**Q** 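Let me begin by handing over the structure; questions about it come next.
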Amino acid sequence: MTEKGIIKMKKFLKFAVLSTLFISVLSAMTACSKGADEGGKTAANELSVAVWAYDANPEFKAMVEAFEKENDDVKIKIVDIAADQYEDKVTTMLSAGDSTDVLAIKGVGSYVNYATKGQLLDLSKDAEAIDQPENFKGNLEGYELDGKYYALPFRKDIYMLFYNKTLFDDNKIAYPENLTWDEYEELAKQLTTEKDGEKVYGTYHHTWYPILLCTAANQTESSLLDGDYGFTKAYLDRWIRLQDEGYAMDYSSIKTASVTYASQFETEKTAMMPMGSFYLGKLLNAAKENRTTVEWGITSMPQNKKGEVSTYGGPSGFSVNKGAKNPDLAKKFVSFCSGEQGAKAVAGIGMTPAYQSEEVMNVLYNLEGMPQDEESKRALNPDKNGWEMLPDPKTAEINSIINEEYDLIMVEDSSVKTGIDALNKRVKEVLEEDK
């Protein structure tokens with residue numbers, strides 16, 4: 001190319017770059033104008049809320065619709081993120097200075113990380129301002145960090161035992177009530193049968209370690225954060241024994257085939273299943289949409305001794321991004337969802353809210369399809385509903401270690417004793433890091 005040609009080419013490229021920049025700026029201005037003018041909305045009326053798997057978790061939609069109905073000038077934009085990518089994605093967003101207003105809190109470990117990095121607004125005064133805070137019944141504690149709250153809960157799960165009434169009837173076995181762990185194991189053996197040529201397991205244990213280990217911690221007044229896991233042995237021995245004897249699907253098969261707890265229970269492949277109260281709403285919805293015909297009931301989680309019911313449950317909540325564009329509106333939304341009106345929306349779709357006034361809980365009890373017997377109500381009102389994991393600077397790291405060692409124990413690459421020894425050693429190392 002001649003020198004003259006090169007000069008012409010440079011002029012052309014410069015013009016193209018300038019044209020592109022001009023169009024980009026013009027487009028951005030047009031977009032801002034559209035966002036401000038469309039439907040009479042202004043930036044002050046708009047709120048962005050990050051959640052995981054919006055369509056699969058109806059509580060988000062219920063709360064958003066309730067808030068928009070109460071505040072008809074507000075428009076909420078949902079930032080929908082895949083459940084298995086949610087915490088990593090939010091971590092990246094916050095590190096990059098993202099301005100999404102409200103962030104749903106999925107796990108306590110990630111919550112602690114966000115809060116200790118100064119990425120969330122302090123909501124302590126907002127918690128105190130909620131009408132009749134005593135109706136939280138201790139459910140705020142799951143987010144207490146050094147005497148402050150950087151998130152407020154809208155849901156507090158209760159782990160309980162779901163069971164298939166038809167399979168109990170077919171085997172002429174009475175419905176379970178206030179079982180001991182020994183009785184539960186015996187029932188799992190009796191209820192392992194065949195139906196229509198396919199195996200039906202007596203029980204199903206999903207792969208989440210808290211179902212077993214958080215239950216164990218709460219029932220033995222122990223902690224998953226202090227580096228001593230001897231209390232888990234009897235529980236782990238039972239889980240391994242049930243899968244080895246074929247009364248529960250083995251952990252490796254569940255992992256390999258990506259089995260879902262809903263598919264096992266709703267297609268009658270298991271007679272019993274320990275699971276969280278969030279499953280109540282999903283079951284009610286599945287029946288309403290004719291996706292399952294299973295006749296089901298609930299009772300409390302098995303106990304070491306008959307009598308007082310001890311279980312656990314994790315919180316789900318909302319926080320306000322420190323870099324939020326609309327922090328005041330964001331706080332209003334979080335307080336609404338955590339208070340009585342948001343609680344009614346959550347209870348109205350069959351989930352257990354964190355705020356539990358009598359009026360709110362009656363919304364849950366009176367839903368069409370909800371079991372109405374006294375045993376079911378007792379399962380929904382345990383004597384103790386402890387925590388999955390309490391906020392602590394070490395929570396995320398310890399959680400990761402427990403996940404790894406539990407996996408090795410349950411696929412039987414490690415014996416129960418070897419796994420517990422590894423847990424004790426690794427977690428103690430983490431606890432001693434800053435000493």
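Scope of the values below: all heavy atoms of this structure, side chains included, with no hydrogens, waters or symmetry mates. Everything numeric in this text was worked out from a predicted model, so none of it was measured.
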**Q** I'd like to know whether Tyr111 forms a side chain to side chain contact (heavy atoms under 4.5 Å, CB included) with Tyr143, so could you lay out the CA-CA distance, the side-chain angles of the two residues, the decisive distance to 0.1 Å, and finally the verdict.
**A** CA-CA 8 Å; Tyr111 162 68; Tyr143 290 134; 3.7 Å; yes
**Q** Between Lys305 and Trp181, is NZ or CZ placed under 6.0 angstrom from the six-membered ring centre and within 45° of the ring axis?
**A** no
**Q** Would you name the heavy atoms of Ala127 and Leu152 that are closest together and state the gap between them?
**A** CB-CD2, 3.6 Å
**Q** Using a distance-only test with no angle check, is there a side-chain donor-acceptor pair under 3.5 angstrom linking Asn71 and Lys332?
**A** yes
**Q** Any side-chain donor-acceptor pair under 3.5 Å between Ser376 and Asp373?
**A** yes
**Q** If we ignore angles and hydrogens, is there a donor and acceptor under 3.5 Å between the side chains of Tyr209 and Asn399?
**A** yes
**Q** Are Tyr247 and Tyr201, when compared by the centres of their aromatic rings, separated by less than 6.0 Å?
**A** no
**Q** Which heavy atom in Ser222 sits nearest to a heavy atom in Thr220, and how many Å separate them?
**A** OG-OG1, 2.8 Å
**Q** Give a yes-or-no answer on whether the side chains of Tyr149 and Asp126 include a donor-acceptor pair shorter than 3.5 Å.
**A** no
**Q** If you measure only the distance, is there a donor-acceptor pair under 3.5 Å linking the side chains of Trp208 and Glu388?
**A** no
**Q** For Glu340 and Ser357, test the side chains for any donor-to-acceptor distance below 3.5 angstrom and give the result as yes or no.
**A** yes
**Q** Does one side chain, of Ser110 or Glu87, offer a donor that lies under 3.5 Å from an acceptor on the other?
**A** yes
**Q** Whether Lys377 engages the ring of Tyr365 as a cation-pi pair (distance to the six-membered ring centre under 6.0 angstrom, angle to the ring normal within 45°) should be assessed.
**A** yes
**Q** Does a side chain donor of either Ser338 or Ser335 reach within less than 3.5 Å of an acceptor in the other side chain?
**A** no
**Q** I'd like to check Phe336 versus Phe318 (side-chain heavy atoms, cut-off strictly below 4.5 Å). Are they in contact?
**A** no
**Q** Does a donor on one side chain and an acceptor on the other come within less than 3.5 Å for Thr180 and Asp182?
**A** no
**Q** I'd like to know if the side chain of Ser277 reaches the main chain of Ile158, judged simply by a donor and an acceptor atom lying under 3.5 Å from each other, with no hydrogens or angles considered.
**A** yes
**Q** Are the aromatic ring centres of Trp296 and Phe168 under 6.0 angstrom apart?
**A** no
**Q** For a quick check under 3.5 Å, do Tyr355 and Asn135 share a side-chain donor-acceptor pair by atom type?
**A** yes
**Q** Over all heavy atoms of both residues, which pair between Glu177 and Glu375 is shortest? Give the atoms and the distance, please.
**A** CA-OE2, 3.6 Å
**Q** Counting N and O atoms only, with roles assigned by atom type, does the side chain of Thr395 sit under 3.5 Å from a partner on the main chain of Leu390, one being a donor and the other an acceptor?
**A** yes
**Q** If every non-hydrogen atom of Ser319 is compared with every non-hydrogen atom of Val334, which pair is closest and at what distance?
**A** O-CG2, 4.3 Å
**Q** Going by atom types alone, do Thr166 and Glu295 pair a side-chain donor with an acceptor below 3.5 Å?
**A** no
**Q** Under a plain distance cut-off of 3.5 Å, with no hydrogens placed, do Asn218 and Tyr159 share a side-chain donor-acceptor pair?
**A** no
**Q** Any side-chain donor-acceptor pair under 3.5 Å between Thr91 and Asp88?
**A** no
**Q** Flag the pair Tyr150 / Tyr114 as yes when their ring centroid distance falls below 6.0 Å, and as no otherwise.
**A** no
**Q** For this output row, return yes or no: ring centroids of Tyr175 and Tyr163 closer than 6.0 angstrom.
**A** yes
**Q** Side-chain donor-acceptor pair under 3.5 Å between Asp101 and Ser48, yes or no?
**A** yes
**Q** Treating Lys394 as the side-chain partner and Val430 as the backbone partner, does any N or O pair qualify as donor plus acceptor under 3.5 Å?
**A** yes
**Q** Examine distances only and state if a side-chain atom of Thr203 and a backbone atom of Ala188 form a donor-acceptor pair shorter than 3.5 Å.
**A** no
